[in-house]
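Note sheet for the following structure.
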Amino acid sequence: MADLTNGIVSRATGTDLVKRGLADMLKGGVIMDVVDPAQAKIAEDAGAVAVMALERVPSDIRRDGGVARMSDPEMIQGIQEVVSIPVMAKARIGHIAEAQILQALQVDYIDESEVLTPADEAHHIDKWAFDVPFVCGATNLGEALRRISEGACMIRSKGEAGTGNVVEAVRHLRSILGDIRKITTADQAELFDWAKRLQAPLPLVQEIAETGTLPVPMFCAGGIATPADASLVMQLGAQAVFVGSGIFKSSDPSHMAKAIVEATANYLDPDILAKVSRGLGDAMPGLEIGSLETRLSERGW
Amino acid sequence: MALPRIGVLALQGAVDLHVHALERLGVETVEVRRAEHLARVDGLVLPGGESSTISKLLVINELFDPLAERLAVGMPAFGTCAGMIMLASEILDGRDDQLSFGAIDISVRRNAFGRQIDSFETDLNVIGLAEAPVHAVFIRAPSVERVGPGVEILAAVEEGRPVACRQGQVLVTSFHPELSPDLRLHELFIKGMAA
């Protein structure tokens with residue numbers, strides 16, 4: 001009989017495989033922004049794969065202005081107590097101390113997020129230094145690869161948070177995935193030029209040329225407000241969706257949350273999409289991108 | 001004998017990684033989202049993901065009852081992490097509305113190893129795979145807290161805490177073989193189907 005005494009001496013935590021692995025487990029799911037334990041419970045009841053704890057949803061941050069920061073640890077812990085699914089939380093771009101606090105709180109993923117006010121106008125967090133994995137936003141492939149080179153274990157296309165307008169999410173997804181498709185047909189000499197133009201590390205560009213995919217999962221965020229929006233971005237190649245204001249700024253959050261979960265899982269099935277899109281009440285009020293005073297997606301370098 | 005056609009439950013989770021692993025073994029795969037997909041497969045892989053989400057989607061997609069019927073008449077199944085939770089006879093620390101199939105007589109505790117910061121990788125000796133240890137990745141993993149008669153423990157960590165079990169043609173692991181290039185557990189499942 002084999003020795004069943006295993007894994008006591010040689011356990012490794014905080015590895016790349018372990019950090020990226022959780023993102024793999026969230027594929028096909030919906031991650032919902034929540035601002036208190038009651039909303040977190042509604043999200044979990046609706047079938048969310050994870051919740052993102054933050055002080056205000058992006059549409060309120062947009063409306064209120066001022067500096068948006070990491071959430072109160074008490075609120076984050078309150079959410080961790082009431083749900084059994086992973087709990088994520090946001091740190092400001094470049095704010096190492098906020099990220100350290102979130103790691104100490106044992107959140108399951110840290111979002112270094114442009115939705116909060118940036119703390120550093122040149123540098124992102126060195127994410128390799130943490131055992132908790134990070135997700136970062138990207139508007140194009142170069143930005144995605146810079147974040148991966150800093151240690152991000154999941155990329156989300158940024159979209160334009162808090163607008164309920166999916167157009168920017170679509171633009172960013174198409175840009176990232178379109179460039180990946182082009183790179184897979186480039187020759188060796190062209191890969192050097194791609195790395196230069198993308199301002200991205202050459203080894204990552206070469207890896208994409210070989211595998212045809214990002215080395216970490218890619219999800220979509222920013223402007224998803226309906227089940228049809230979720231299906232759209234999944235069809236374009238997102239592997240899961242983040243929904244921010246779209247749920248708790250709709251007229252019937254619980255119903256909308258369930259419908260978006262069902263639509264994401266069945267994104268290729270128009271009959272199911274038609275069924276779940278019925279009678280949802282009002283989606284969140286939307287904003288025209290041209291009318292915005294602040295473009296959150298322009299934050300990040 | 002022809003290789004079996006294997007379904008991968010494709011409601012949520014690391015579906016693509018299991019499909020990839022099975023394809024590398026030359027097996028024909030079917031992504032199972034609805035009952036008609038289930039009718040076309042000889043066995044089913046239940047992937048890692050969020051067990052509470054998958055449980056809800058099984059009901060919404062009207063797949064729970066047809067799958068329970070197939071499992072009750074002995075369809076081979078391989079569950080990893082959330083998949084193990086779904087196949088267990090009892091779930092500890094689950095949501096009140098969370099369902100499982102009882103295809104293997106074990107009690108499973110969700111998130112038994114802690115939060116993501118406690119997720120880990122390690123080498124495991126697995127019975128039946130003696131040539132080398134299996135490199136196992138545990139992500140917010142469940143553990144087996146009770147094993148019924150007729151269930152074999154294939155691997156364990158820490159004072160004998162089981163992390164891989166088999167009963168008949170149902171194989172379960174707390175960890176994620178789909179995250180490593182080692183295909184031996186998938187192979188073990190397929191060989192078990194032929195037996």
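Just so you know, these numbers come straight off a predicted model, no measurement behind them. What you see below is based on every heavy atom in this structure, not just the backbone, and it leaves out hydrogens, waters and symmetry mates.
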Which atoms of [X] are under 4.5 Å from chain A, going by heavy atoms: the side chain, the backbone, both sets, or neither?
X: B:Phe113; value: side chain
X: B:Arg34; value: side chain
X: B:Arg110; value: side chain
X: B:Leu179; value: both
X: B:Leu11; value: backbone
X: B:Ser52; value: side chain

Student check: side-chain heavy atoms of [X] and [Y] closer than 4.5 Å:
X: A:Pro86; Y: B:Gln116; value: no
X: B:Val157; Y: A:Arg11; value: yes
X: B:Asp16; Y: A:Gln239; value: yes

B:Ile139 side, atom CD1; A:Lys19 side, atom NZ - distance, nearest 0.5 Å: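 The CD1 atom of B:Ile139 sits 11.5 Å away from the NZ atom of A:Lys19.
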Value rounded to 0.5 Å, distance of CD1 in B:Ile60 from CD1 in A:Ile272: 9.5 Å
Candidates A:Thr15, A:Val18, A:Thr13, A:Leu22 - the one meeting side chain to side chain contact (heavy atoms under 4.5 Å, CB included) with B:Ser119: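 Among A:Thr15, A:Val18, A:Thr13, A:Leu22, the one that satisfies the side chain to side chain contact (heavy atoms under 4.5 Å, CB included) with B:Ser119 is A:Val18.
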Steps toward side chain to side chain contact (heavy atoms under 4.5 Å, CB included) verdict (A:Ile85, B:Arg95): CA-CA 10 Å; A:Ile85 55 179; B:Arg95 286 173 48 89; over 6 Å; no
Minimum heavy-atom distance between B:Arg115 and A:Gln106, given as atom pair plus value: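 Reported closest heavy-atom pair: CD-O, 3.1 Å.
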B:Lys56 side chain vs A:Asp45 backbone, donor-acceptor pair below 3.5 Å: yes
